[in-house]
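Have a look at the structure below before the remarks.
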Amino acid sequence: MLYFSTNHRSPRVSFRDAVLWGQAGDLGLYFPDVIPQLSSEFLTGFQERSKAEIAFEVIRPYVGSTIPDEVLRKICAETVDFSFPRVNLTEKISALELFHGPTLAFKDVGARFMSRCLQYFSRDTQQKIFVLVATSGDTGGAVAAGFRNVEGIEVVILYPKGKVSQVQELQLTTLGANITAVEVSGTFDDCQALVKKALSDDVLREIIHFTSANSINVARWLPQQFYYFFALKDWEGEPPVISVPSGNFGNLAAGVLASLSGLPIKKFIAACNANDVVPKFLMSGEYIPQPSVATLSNAMDVGDPSNFVRILEMLGKNAVDLMPKVEAASISDQTTADTMREVYKKFAYILDPHGAVGYRALADYLSAHPNERGIFLETAHPAKFDSVETALAAKIEIPKVLKDLYTGTKESVEIGVDYDSLKEVLLKKI
Ligand SMILES: *Cc1c(COP(=O)(O)O)cnc(C)c1O
């Protein structure tokens, strides 16, 4: 399997090189040459298989011969080594809980898979590998935990100052070791732009081997397909509609990829907060990037989602091409908070703000389509967000892993949004 760049000006590369480079030299995103088709034998029988086996079968064609099967099996088993329960709220709506990993975020899966692939590939590179990542909240913690103490790898995480929750900040600033947290006085979009600039800086690339651990990296992006297979375990009846709380659109793009491989999913709902470039695109046909605005679902505060281009690559370039497969909704903070309250009251279920956006978009869709059923992805544990207790006026039990964070000491490097400051930080790490 080779990967091409969505900008079509860089050469095709193997999975190994796509992981090691993160982004193509022409600033495009790597995309698989062919979308593997799952056999009907697999599609009728996967529900009986273990999570590790499903993960292995799904990812194997994408990895090809760059990682031996026995190593890949082990990577897959470690990647999905926690539970992914589907919880029914009503007869028609269930939550797929993706927050039972080590940092209580769905990004644990991609981060764990990528760190293990990179560790395997770094065995035969001489240079230290730098992993650069911009985070709007949960990526940083998941990447920090996934890569901590991985030999030969330095991790530099950029996050927008004052725009991540306290727990999220502690998760990415207290690990130390090979993890450096950079606090940028700007937005997530600024952080992402700085990372992209460093990745394409030819002078730096001469001296440092860089890659990105954002979902633009195929090793973070592709394993997110697993969730959609887990979602369909024990599912009976017509294929579900799946609502995906979306920011950078990596998760939703992975779902579309899984469905194009043969997984039966009726439709996807791109559940967005006030950052509504994609909902507007689907309505007007025009894609107009916006500066991101801060919301309760901060991990989705993205004004120009980088993975959206992968969805266009799969479904077609125009809004009308997407419509049969993707709907979109934009949910305000007020409605998000109301939804958290409503669901708590009706079902005694605590949503986090991202899951609340997913739930609301799905519930609204289903009231217009009463014969369908759906699943929304619950992407983070509610205890990570102070806004949940405020909205519910209730105390939430804090899981032990989060309590332990408060004993750590925050360490970060503060910079402005200028590229030179970032460059200085990086050069000091060599
Ligand atoms: C990252 C994140 C999202 C958005 O996922 P994308 O793949 O960027 O669309 C949603 N919810 C939570 C909690 C996240 O951390």
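For ligands, and for the atoms within them, numbers begin at 1 and follow the listed sequence. Please read all numbers here as calculations on a predicted model, not as lab measurements.
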Notebook entry, point to check: Stepwise, does the salt bridge (Lys or Arg N to Asp or Glu O under 4.0 Å) test hold for Glu238 with Lys266?
Noted result: CA-CA 8 Å; Glu238 290 297 304; Lys266 181 161 176 69; over 6 Å; no

What do you reckon, does [X] have a nitrogen or oxygen under 3.5 Å from a nitrogen or oxygen of ligand 1?
| X | value |
| --- | --- |
| Phe385 | no |
| Asp352 | no |
| Gln224 | no |
| Ala380 | no |
| Phe249 | yes |
| Thr379 | yes |

Notebook entry, point to check: Parallel, tilted or perpendicular: which fits the ring planes of Phe230 and Phe84, with parallel below 30° and perpendicular above 60°?
Noted result: tilted

Notebook entry, point to check: Between Phe210 and Phe130, how do the two ring planes meet: parallel, tilted or perpendicular, split at 30° and 60°?
Noted result: perpendicular

If you have a sec, work out which protein heavy atom is nearest [atom] and how many Å separate them, to one decimal?
| atom | value |
| --- | --- |
| atom 8 (O) of ligand 1 | Asn248 N, 2.8 Å |
| atom 2 (C) of ligand 1 | Lys107 NZ, 2.4 Å |
| atom 7 (O) of ligand 1 | Asn251 N, 2.8 Å |

Next item on the list: Determine whether more than 12 heavy atoms belonging to other residues, nucleotides or ligands lie under 6.0 Å from atom CZ of Phe31.
Entry: yes

Notebook entry, point to check: So does Lys403 pair up with Glu397, basic N to acidic O under 4.0 Å?
Noted result: no

Notebook entry, point to check: Between the side chains of Lys280 and Gln290, is a donor N or O closer than 3.5 angstrom to an acceptor N or O?
Noted result: no

Margin query: Out of all atoms in ligand 1, which are within 4.0 Å of some heavy atom of Asp138? Include the element for each.
Written below: 13 (C), 15 (O)

Note to self: I need the atoms of ligand 1 closer than 4.0 Å to a non-hydrogen atom of Gly250, numbered in the order shown.
What the structure shows: 6 (P), 7 (O), 9 (O)

Notebook entry, point to check: Taking atom 9 (O) of ligand 1 as the point of reference, which of Gly110, Gly247, Ala253 owns the nearest heavy atom?
Noted result: Gly247

Next item on the list: Run the contact test for Phe99 against ligand 1 with a 4.0 Å cut-off on heavy atoms, strictly below, and give the result.
Entry: no

Margin query: For the aromatic rings, using the six-membered ring if either is Trp, is the centroid distance between Tyr30 and Tyr3 under 6.0 Å?
Written below: no

Next item on the list: Please report the C-alpha distance between Asp301 and Phe188 in whole Å, then the side-chain angles of each, then the deciding distance to 0.1 Å, and finally whether the side chain to side chain contact (heavy atoms under 4.5 Å, CB included) criterion is met.
Entry: CA-CA 7 Å; Asp301 295 347; Phe188 169 69; 5.9 Å; no

